[in-house]
Amino acid sequence: MKALRFYAPEDVRLEEVAEPACGPGEVKLRVRNCSTCGTDVKIFHNGHQNLTPPRTIGHEIAGEVVEVGADVNATYGSDWRVGDRAQVIAAVPCGECHECRKGWMAVCQNQTSVGYQYDGGFAEYMIVPQQVLKVDGLNRIPDNVGYDEASAAEPFACAINAQELLGIEAGDTVVVFGAGPIGCMHIRIARGVHRAGPVYLVDVNAERLKMSADAVRPDEVVNAAEVDVVERVMKLTGGRGADVVITATAANVTQEQAILMAARNGRISFFGGLPKNDPFIKCDSNLVHYRQLHIHGANGSAPEHNKRALEYISSGQVPVKDLITRHIPLDDVLSAFQIVKAGEAIKVTVEP
Ligand SMILES: [Zn+2]
Ligand SMILES: [Zn+2]
């Protein structure tokens, strides 16, 4: 079968490999969709400390069950059968550490990842490892949800995790930095799940802003390359500031702007990580103190968030179909990375 294998930074090969065999405690999938995100591009260029090469990459996965190991259903109390449609978590918690036992699986100390320690989804077939099955990380796809939509459940789950920490209330003003696919999902979750009020989308790339705004229709689009975004948000909110600010970018300045534009009792999510070699920002601590700001981190998602994502897609609360703007065959997977890098599509999915 064909698989996209990472050997070293800038050395990623689509090659012929043996079809993987399914062990007694594993499930084998025919991958139908594996979507791409900025992480894939980062891995392509820089690799990752937890990734042991050569490794099949791809972590936003949906596929069809083609083999169920003999021990699986008895061990995990599941009922997987050949032909079932399934979505796979990407961040795999251990289920046993202090954080997992507290129910904070997104910050498991021993987290492993599909596409890092286990072969991922840019391949015709893949094995769902025991570690995923053990934490209930293989999810049934509802009948009315397509494989392409289901593959977007993983990034969607990360946004759900972040927003659940923010306590968004009906009518809250929400600012989202970053007009990529995840910024679009944040806007849809804020409205569809948390009943947010006005939502403003901020980016510095006019084309990407337009493409995403056409899809998710924010109440206002702010091009931070052209206007002072803090001033603009203050004006839009009558001088009060934004109740909720989510930074879905890797730009340090957006975190600083988020603190400057937050309303009293404002809640901020530092959703996007900053560059490893420059992770510092300037913060007026007295703003945080006197305005009672709440600054939250967000690290991936837990299995439960993936399940919730599939439910929200199925119920129509948070549609994702129209955000998947490119479908690309596995043979052209490297061009998918180029499209992601250039920001020419909202979400790109690969179909092995
Ligand atoms: Zn991703
Ligand atoms: Zn753990």
Side-chain angles (χ1 to χ4, degrees), residues 4 6 12 31 33-48 50-51 55-63 87-123 126 129-137 139 147-162 178 180-186 189 248-250 271-273 298-306 309-310 320 323-326 328 333 336-337 339-341 343 345-350:
L4 186 70
F6 175 94
V12 179
V31 181
N33 280 90
C34 185
S35 291
T36 55
C37 76
T39 302
D40 296 311
V41 177
K42 257 195 262 175
I43 291 170
F44 180 91
H45 291 296
N46 309 319
H48 192 280
N50 299 335
L51 194 160
R55 174 71 64 213
T56 301
I57 56 175
H59 59 272
E60 302 184 2
I61 303 162
Q87 180 263 351
V88 188
I89 58 169
V92 186
C94 74
E96 287 166 10
C97 70
H98 174 78
E99 285 72 16
C100 283
R101 280 186 276 114
K102 292 288 281 184
W104 307 329
M105 285 192 167
V107 286
C108 166
Q109 305 176 23
N110 309 310
Q111 186 187 294
T112 53
S113 301
V114 175
Y116 290 17
Q117 287 91 350
Y118 322 107
D119 281 332
F122 291 131
M126 71 167 274
Q130 296 182 33
Q131 288 89 339
V132 167
L133 297 168
K134 180 184 154 195
V135 293
D136 197 17
N139 300 307
Y147 283 118
D148 53 352
E149 297 168 280
S151 72
E154 189 278 323
F156 185 176
C158 301
I160 292 172
N161 175 40
I182 205 89
C184 291
M185 287 183 200
H186 270 301
I189 297 164
T249 85
F271 182 83
N299 182 59
S301 65
E304 58 175 317
H305 300 115
N306 287 254
L310 290 166
V320 296
L323 300 182
I324 304 165
T325 49
R326 292 291 288 273
I328 284 179
V333 58
F337 286 18
I339 295 167
V340 172
K341 199 177 165 191
I346 301 182
K347 191 83 188 158
V348 186
T349 193
V350 175

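Bear in mind the structure is a predicted one, so any value in this text is a computation, not a measurement. Ligands are counted one by one from 1 in listed order, and the atoms in each one are counted from 1 as well.
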Check your understanding: Which angle, to 10 degrees, forms at the Zn ion (ligand 1) with SG of C37 on one side and OE2 of E60 on the other?
Key ->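 That angle is 100°.
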
Point to revise | Contact flag H98/the Zn ion (ligand 2), N/O/S atoms, threshold under 2.8 Å | key: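 Not a single backbone or side-chain N, O or S atom of H98 is under 2.8 Å from the Zn ion (ligand 2).
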
Check your understanding: What's the SG-the Zn ion (ligand 2)-SG angle here (C100, C94), rounded to 10 degrees?
Key -> 120°

Exercise for review: Answer whether the closest heavy-atom distance between the side chains of V92 and V114 falls below 4.5 Å.
Suggested key: yes

Check your understanding: Do N139 and I89 come close enough that some side-chain heavy atom pair is under 4.5 Å?
Key ->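 With C-beta onward as the side chain, the pair touches.
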
Point to revise | Test side chain to side chain contact (heavy atoms under 4.5 Å, CB included) applied to L4 and V350, step by step | key: CA-CA 11 Å; L4 186 70; V350 175; over 6 Å; no

Study note, to complete from the structure: Interatomic distance, CD1@I57 vs OG1@T36, rounded to 0.5 Å, equals 10.5 Å

